[in-house]
Amino acid sequence: MQTLKHVYISEIGKYEGQDVCLKGWLYNKRSSGKLHFLQVRDGTGIIQAVVFKGDVSPEAFEMAGRIQQESSIEVYGTVKEDKRSPIGFEIGVKDLKLIGEALEYPITPKEHGVAFLLEHRHLWLRSPRQLAIMKIRHNIIKTIRDYFNNNNFLLVDAPIFTPAACEGTTNLFETEYFDEKAYLTQSGQLYMEAAAMAFGKVYCFGPTFRAEKSKTRRHLTEFWMVEPEMAYYDLKMDMDLAEDFVETIVQSVVANNRAELEVLERDISKLENIKKPFPRISYDEAIEILKSKGKEIQWGEDFGGDEETVISEQFDRPVMIHRYPAECKAFYMKQDPESPKHALCVDMIAPEGYGEIIGGGQREDNLDLLLGKIKEHKLNQEAFEWYLDLRRYGSVPHAGFGLGIERTVGWLCGLHHVRETIPFPRMMERIKP
RNA sequence: UCCCCGGUAGCUCAAUGGCAGAGCAUUCGGCUGUUAACCGAAGGGUUGUAAGUUCGAAUCUUACCCGGGGAGCCA
């Protein structure tokens, strides 16, 4: 028995009629006198293993009736087609081996509260819903890497420890670095600008940290961001890239994660519809939309979650809002030569209220204008000398953007909160497990 | 940091001033086709912590702790 071939549940259909070995965990169990129905999962799927008293040893039958949820087991038996099975097959068990017993597993098939599940995140990950989310996250990350690899981008890893803030220190995590202070990165962008001047088209992909005391469904203190940066790109080229990039990601999920989207009860038609071109409106046009919808907002104010939602509801695909007032954007944004009060920046707002998934734009490439911005924002010029060097030695127009992985996963999965989009979420009130 | 809501059995919840309850989980018994299986029985409680009001507090008051939702800020 124990020499039988180990197969995964996702490939069980290839072995109909054959005797195989499954290695997994007991997901759920139902018993009926001389029958035990074991729901076995192995990370690739769930299959029902039927243990009939007459087919196995008395010891194996007794064990099948005794073991509890999430005990690890090896199942030896025959693959049988069965119309009653959700996956079309079940296993007629011939023998069973208990690998690791689980007693009183805390997460039952019934409902649980958010706090309880987050405290047991290390176990919660075993549930079919979390597995579906993690598979979609995996495919999104794979698609992102493939996209840049196929379009002549060079991966350049940005540092996690940084010497100073790039946009003010209030929302940075501070840490000791030998005899000085260091901060955890909030963006790799400035380093990507240096890399773009060296290699042309580059991207970084890594964790990012924000010490903001935000308690909302869209915020984590540690999240992953992918940041492409391109030399000789202007704002329009930047938006074209962002649009093509997001369409590629969404259509990859639609094509490759249909089963997972169904587990999550996602409305797939809304994702199938995410095709180029995406609507593009200026900040000034967005203000007009908001005013026509009865929002009280003045030119120069940045948009909050409410405003983003109102605008996104006007469209059935992501909307790109460009040329915000320079005063509400970061110092490195290039001012619009045709309207110096505006910055050549763009935010992409996901539909269905999922908020901003991309922020980016063209960078200020003129040394004197950039020096002026650093003074206006009361930043320490000395800390930015290396960054200013990029404008002193062969400055060129360049642009880039950052895409938040968790918000993208949350949108595509149709989740209520980004905390489920990352294996171990870090939030203002939670750092365990 | 501010505003709102919550904390009762391992879990999800009920009990709104008068005996601390149910479903699931666990234990025991029954059932050869169950699909969050079902049927019967049992065990399981410092009602977040501290103080106060009251003949009597899970319930009312105050403070604190913990968590959730939202705002600001952001991806």
Side-chain angles (χ1 to χ4, degrees), chain A residues 27-39 46-55 61 65-70 80 82-87 90 92 102-120 123-124 127-128 167-168 170-172 185-189 207-227 242 301-309 328-330 346-350 354-360 401-411 416-419 421-422 427-430 432:
Chain A
Y27 175 66
N28 200 2
K29 182 179 70 175
R30 288 177 281 274
S31 293
S32 179
K34 293 175 183 168
L35 274 173
H36 296 302
F37 300 98
L38 308 181
Q39 262 61 49
I46 294 176
I47 193 168
Q48 176 160 276
V50 182
V51 188
F52 175 49
K53 195 168 189 175
D55 291 345
F61 187 79
R66 187 184 76 239
I67 56 172
Q68 297 178 21
Q69 192 189 353
E70 287 303 320
K80 296 175 178 171
D82 194 298
K83 287 181 186 131
R84 291 165 293 193
S85 163
I87 62 167
E90 58 182 32
L103 295 174
E104 303 204 36
Y105 185 70
I107 301 179
T108 68
K110 293 278 182 176
E111 56 198 80
H112 297 281
V114 170
F116 178 81
L117 289 170
L118 284 171
E119 277 159 26
H120 296 84
L123 302 177
W124 188 20
S127 74
E167 306 169 32
T170 52
N171 54 1
L172 289 177
T185 182
Q186 64 176 176
S187 165
Q189 183 206 313
T208 303
F209 307 89
R210 302 273 167 96
E212 288 151 5
K213 296 198 171 178
S214 299
K215 291 181 63 171
T216 81
R217 69 182 72 173
R218 300 187 306 279
H219 288 88
L220 298 169
T221 54
E222 177 181 320
F223 65 98
W224 285 65
M225 189 155 65
V226 57
E227 295 174 278
E301 290 177 48
D302 205 352
F303 300 147
D306 280 358
E307 287 81 14
E308 284 178 359
T309 301
C328 56
K329 287 290 172 182
V346 59
D347 285 353
M348 187 187 291
I349 315 295
Y354 282 94
E356 184 182 344
I357 52 169
I358 279 181
F401 61 82
L403 174 121
I405 299 302
E406 285 72 22
R407 286 191 184 174
T408 303
V409 176
W411 164 41
H416 175 69
H417 197 299
V418 290
R419 65 189 159 211
T421 65
I422 188 167
M427 292 174 289
M428 181 182 153
E429 303 285 3
R430 188 174 294 282
K432 290 189 269 188

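Chain letters run A, B, ... following the sequence lines, proteins first, then strands; residues in each count from 1. Just so we're clear, the structure is a prediction, and the values are computed from it rather than from any experiment.
- Listed for the A:E406 side chain is no donor-acceptor partner under 3.5 Å among the backbone atoms of A:F223.
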Treating primed atoms plus P, OP1 and OP2 as sugar-phosphate and everything else as base, which nucleotides of nucleotides 26-32 of chain B get B, S or - for protein heavy atoms under 4.0 Å?
SS---BB
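- Nearest to the side-chain atoms of A:R210 among the listed nucleotides B:U12, B:C73, B:A75 stands B:A75.
- Mapping A:R430 and A:R84 onto RNA chain B via the closest heavy atom, the residue that lands nearer the 5' end is A:R84.
- Contacts of A:H417 with the nucleic acid, taken as non-hydrogen atoms under 4.0 Å apart, involve only primed sugar atoms and P, OP1 or OP2.
- Between A:H219 and B:G70, a side-chain N or O to OP1/OP2 separation shorter than 4.0 Å is absent.
- The distance from atom CZ of A:F303 to atom P of B:C74 is 13 Å, rounded to the nearest whole Å.
- Distance CG (A:D306) to C1' (B:G69): 14 Å, rounded to an integer number of Å.
- Between the C1' atom of B:G33 and the CD atom of A:E90 lies a distance of 8 Å, rounded to the nearest Å.
- B:U34 atom C1' lies 15 Å from atom CD1 of A:I47, rounded to whole Å.
- Using a 4.0 Å heavy-atom criterion, one finds that A:I358 contacts the sugar-phosphate atoms exclusively.
- Salt bridge annotation for A:R84-A:D82: present, with a cationic side-chain nitrogen under 4.0 angstrom from a carboxylate oxygen.
- In terms of position on RNA chain B, the residue among A:M427 and A:G402 whose nearest nucleotide sits closer to the 5' end is A:M427.
- When heavy atoms are screened at a 4.0 angstrom cut-off, A:F223 is found touching base atoms of the nucleic acid.
- Here the shortest heavy-atom pairing between A:V51 and A:F61 reads O-CE1, 3.8 Å.
- A:D347 comes within contact range of no nucleotide atom at all, as no heavy-atom separation falls under 4.0 Å.
- Counting to the nearest Å, the P atom of B:A75 and the CD atom of A:E222 are 17 Å from each other.
- Going from atom CZ of A:R217 over to atom P of B:C4 covers 20 Å, rounded to whole Å.
- Per the geometry, CG belonging to A:L220 stands 14 Å off P belonging to B:A75, to the nearest Å.
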